[in-house]
Amino acid sequence: DAKTTQPPSMDCAEGRAANLPCNHSTISGNEYVYWYRQIHSQGPQYIIHGLKNNETNEMASLIITEDRKSSTLILPHATLRDTAVYYCIVRVAFNNAGNMLTFGGGTRLMVKP
Amino acid sequence: EPEVTQTPSHQVTQMGQEVILRCVPISNHLYFYWYRQILGQKVEFLVSFYNNEISEKSEIFDDQFSVERPDGSNFTLKIRSTKLEDSAMYFCASSEGQGAKFFGPGTRLTVL
């Protein structure tokens, strides 16, 4: 699976959009971009994933650049409860192995009042 | 909304004792996983389980560890003889296919 690079920390004002970047310059054509978050030692929470098109769900939007070498997770109206570590993970969608996720250090997002 | 549940939430044990951590995955899911997170460190993959057998395991998952799906609903992680360094949060996860995984709240294991 391709390596990802994320800033270690970011701040965001409550009510504003939080834009979390991720670089994955070595991504392969069959690798998806997944985003998870972990709120203070709770279990990681799935947010969204995509291959090449932009995706949106009730939690967030995922913008993937045309060359797929980077992506941005957007939380449109951040709340204090969005304070968490956000992980960008790139992995092959289907393989014969165990389908594991490799977590890096992530971005610690602090939403401030 | 269906969710993964884990019991107990906190387990304290003496070094050398056996522990069994329990998980109930989401009911229609077919893939099951254990991860762990030592305090202050990254979330680490331990093992994945599909079709009643281990499909992948990490170097951490040595002979002291085993997994089992004893019935149609539970998925367990057994540590045969616990060591101090096994102290961590253990997260169970499940997925319907090879896509998004849904994690449980974790079991905090403390080995004394």
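We use all heavy atoms of the structure for the numbers below, so side chains are in, but hydrogens, waters and symmetry mates are not.
- Under the 4.5 Å side-chain heavy-atom criterion for Ile, Leu, Val, Met, Phe, Trp and Tyr, B/M15 and B/V19 are members of the same hydrophobic cluster.
- Put simply, the side chain of B/F103 reaches to within 4.5 Å of the side chain of A/Y36, judged on heavy atoms.
- The two atoms that bring A/L101 and B/Y35 nearest to each other are N-OH, 2.8 Å, heavy atoms only.
- The NZ atom of B/K42 lies 9.5 Å from the OH atom of A/Y87; values are rounded to the nearest 0.5 Å.
- To the nearest 0.5 Å, the span separating CE on A/M100 from NZ on B/K57 amounts to 14.0 Å.
- Proximity to chain A is limited to the side chain of B/F91, based on heavy atoms less than 4.5 angstrom apart.
- Within a 6.0 Å sphere centred on CZ of A/R108, heavy atoms belonging to other residues, nucleotides or ligands number 12 at most.
- Residue B/L112 is not grouped with residue B/Y90 when hydrophobic side chains (ILVMFWY) are merged at heavy-atom distances under 4.5 angstrom, including chains of intermediate members.
- There is a path of hydrophobic side-chain contacts, each under 4.5 Å, that joins B/F49 to B/I60.
- To the nearest 0.5 Å, atoms NZ (B/K101) and OH (A/Y46) are separated by 10.5 Å.
- Note on A/S41, A/P44, A/G104, A/G43: by heavy-atom pairs under 4.5 Å with chain B, the leading option is A/P44.
- Annotation: B/K83, atom NZ; neighbour count of heavy atoms from other residues, nucleotides and ligands within 6.0 Å is above 12.
- Residue A/I89 is grouped with residue A/L51 when hydrophobic side chains (ILVMFWY) are merged at heavy-atom distances under 4.5 angstrom, including chains of intermediate members.
- Rounded to the nearest 0.5 Å, atoms CE (B/M89) and CD (A/Q38) are 8.0 Å apart.
- Looking at B/S95, the atoms closer than 4.5 Å to chain A (heavy atoms on both sides) all sit in the side chain, from C-beta outward.
- Under a hydrophobic clustering in which Ile, Leu, Val, Met, Phe, Trp and Tyr are joined whenever their side-chain heavy atoms come within less than 4.5 Å, directly or via other members, A/M59 and A/I74 fall into different clusters.
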